[in-house]
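So that the names make sense, note that chain A is the first sequence line, chain B the second, and so on, each numbered from 1. All values below were derived from every heavy atom in this structure, side-chain atoms included, with hydrogens, water molecules and symmetry-related copies excluded.
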Amino acid sequence: MSAGLFSVSAVVAVWFASFGFRLPGGLAAGLLWVTLLFSAVVALPRVLLAEEENGTGDLLRQWARPQAVFWGKALFNSLQMVLTALALTVLFLVLTDLQIRHPLLLALSLAAGCSALAAGTTLCGALAAQAPNRAALSVAVSVPFLLPMVALGITAVRVSFGQGDLGGGWQGCLGLACYAVATFSGGPHLFAAVWKR
Amino acid sequence: MRNPLNLLLLLAMAGATVLSFLAPPAKGFQEPDLARIIFFHLPCAFATTAFLFFGAFAAIRSLQADRLLWDARAEAAHSMAAGMAIATMLSGILFSKVQWGAWWQNDPRQTSFLLVLLILGAYFAIRAAFQDPERRARNSAAYSVGSLLPNLFLIFVFPRLPQISTFHPEVIGKPGGFDPIYWRTILAVFACLMVAAAWAYRQRVRAILLEERLEQLDAELDSRKPSSADRVVRAVRLPEPDEPAHR
């Protein structure tokens with residue numbers, strides 16, 4: 001809910017800022033990814049922070065293996081992020097009147113990017129979940145951790161908006177996919193290390 | 001100066017500094033004389049990378065066994081990496097001003113190094129958030145290991161992407177890079193810097209372990225102090241209203 005509201009507000013703000021002129025592809029890709037990044041860091045760590053706030057974290061620790069908890073939370077976050085990205089991108093394209101030159105590249109890079117963002121924020125949420133200032137800490141820790149993914153995402157989406165070399169765009173998309181695979185592979189082990197009481 | 005090795009290090013650093021002024025001015029730069037900043041800028045960047053990866057290694061060891069010793073090593077390594085990264089940024093900003101005309105260029109290598117510094121800042125934010133040493137060690141170690149991939153990407157991959165254009169010249173492993181005397185000077189300064197940094201790192205590890213010991217002793221002392229729960233409540237008989245106060 002908060003991610004959706006944040007995303008819509010951000011896109012409307014971008015629309016106000018770009019009133020009367022068409023955004024260049026690189027700038028549009030940057031704005032789209034910044035909105036996605038902040039909606040992810042605001043909303044996704046909540047799935048773990050809420051467990052600690054409601055006191056259900058200890059129940060999960062007793063009944064489920066840490067790896068299973070990580071996969072459950074990360075897949076839920078991935079689904080939530082894909083839906084948010086879908087709604088956000090459609091709204092963004094309608095309001096800014098941008099043309100998509102390579103729709104497949106856009107779709108694949110958003111899917112890979114959303115998975116990588118979800119795995120990264122789940123891990124950062126677990127790191128911050130038991131801290132006294134957990135909400136602020138999860139955002140502060142997630143942003144630098146996820147910015148390299150955003151750089152790759154901007155490279156890919158910029159090309160799909162018609163700016164830059166197609167090979168470079170696919171390279172960015174592949175980089176994002178590798179990033180997602182690496183985060184999903186290493187995430188459960190790191191999560192298991194910090195999930196213990 | 002009690003230790004002769006310290007004197008030797010001081011002399012070596014003085015020698016490396018003199019060597020940096022004996023190198024000829026670098027051609028192709030706007031201010032060839034001031035291009036000597038790279039004799040200190042590059043070794044600091046190399047040292048940042050070395051301490052960053054040693055810190056991640058120490059973090060992996062702290063997750064495996066002997067948590068508090070390796071955690072102290074990881075924290076000290078990250079502190080050294082942060083110090084070196086700040087020195088790299090400051091010398092880079094100075095270089096940018098004198099050679100390229102602006103304090104901050106929109107350069108991918110500068111930006112990626114700033115992001116590395118932010119990741120280091122996040123590591124220390126996690127450490128500051130937890131009071132319990134075990135949890136602090138575990139969570140900061142997990143972040144350090146997790147941020148290995150972003151750090152590798154930011155240092156080695158991102159500035160070399162074909163679609164990225166940078167002001168920084170590619171000088172490693174490429175023909176037409178630095179003059180051999182430049183490399184010799186850079187390596188000499190790097191060696192001196194690493195010896196000094198390794199000494200500072202060891203002192204930092206000792207200080208962290210002593211701080212932890214002090215905290216443990218404080219906790220033990222607190223547990224020995226008599227608390228309100230330890231007080232003995234004895235039954236007393238209050239005098240009856242008609243009973244004389246002093247018998």
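The two residues A:Leu127 and B:Ala142 have their closest heavy-atom pair at CD2-CB, 3.7 Å. Across all non-hydrogen atoms, the minimal contact from B:Arg135 to A:Val194 is NH1-O, 3.5 Å. Of all heavy-atom pairs between B:Phe153 and A:Pro148, the closest is CD2-CB, 3.5 Å. Shortest non-hydrogen contact noted between A:Ala151 and B:Phe158 is CB-CE1, 3.9 Å. Scanning both residues, B:Tyr143 and A:Cys124, for their nearest heavy atoms gives CE1-SG, 4.4 Å.
When heavy atoms are compared at a cutoff of 4.5 Å, A:Asp165 does not approach chain B at all. Only the side chain of A:Leu137 comes within contact range of chain B, judged by heavy atoms closer than 4.5 Å. Proximity to chain B is limited to the backbone of A:Ala140, based on heavy atoms less than 4.5 angstrom apart. Heavy atoms closer than 4.5 Å to chain A are found in both the backbone and the side chain of B:Ile126.
Within residues 113-122 of chain B, the residues having any heavy atom less than 4.5 Å from a heavy atom of chain A are, in residue-number order, B:Leu115, B:Leu118, B:Ile119, B:Ala122.
Comparing A:Ala131, A:Ser142, A:Gly167 by how many heavy-atom pairs each has under 4.5 Å with chain B, the most go to A:Ala131.
Other residues, nucleotides and ligands contribute more than 12 heavy atoms inside 6.0 Å of the CH2 atom of B:Trp104. Within a 6.0 Å sphere centred on CZ of B:Phe124, heavy atoms belonging to other residues, nucleotides or ligands number more than 12. Atom CH2 of A:Trp15 is surrounded by 12 or fewer heavy atoms from other residues, nucleotides or ligands within 6.0 Å. More than 12 heavy atoms of other residues, nucleotides or ligands lie within 6.0 Å of CD in B:Glu220, so this atom counts as buried by the packing criterion.
Residues satisfying the side chain to side chain donor-acceptor pair (under 3.5 Å) criterion with B:Arg127, sequence neighbours excluded, are B:Asp71, B:Glu75, B:Tyr123, B:Ser140. Qualifying side chain to side chain donor-acceptor pair (under 3.5 Å) partners for A:Gln163, counting only residues two or more places apart in sequence or in other chains: none. Residues forming a side chain to side chain donor-acceptor pair (under 3.5 Å) with A:Arg46 (at least two apart in sequence, or on another chain): A:Glu53.
Inter-residue side-chain proximity for A:Leu190 and B:Leu63 is flagged as met; some heavy-atom pair is nearer than 4.5 Å.
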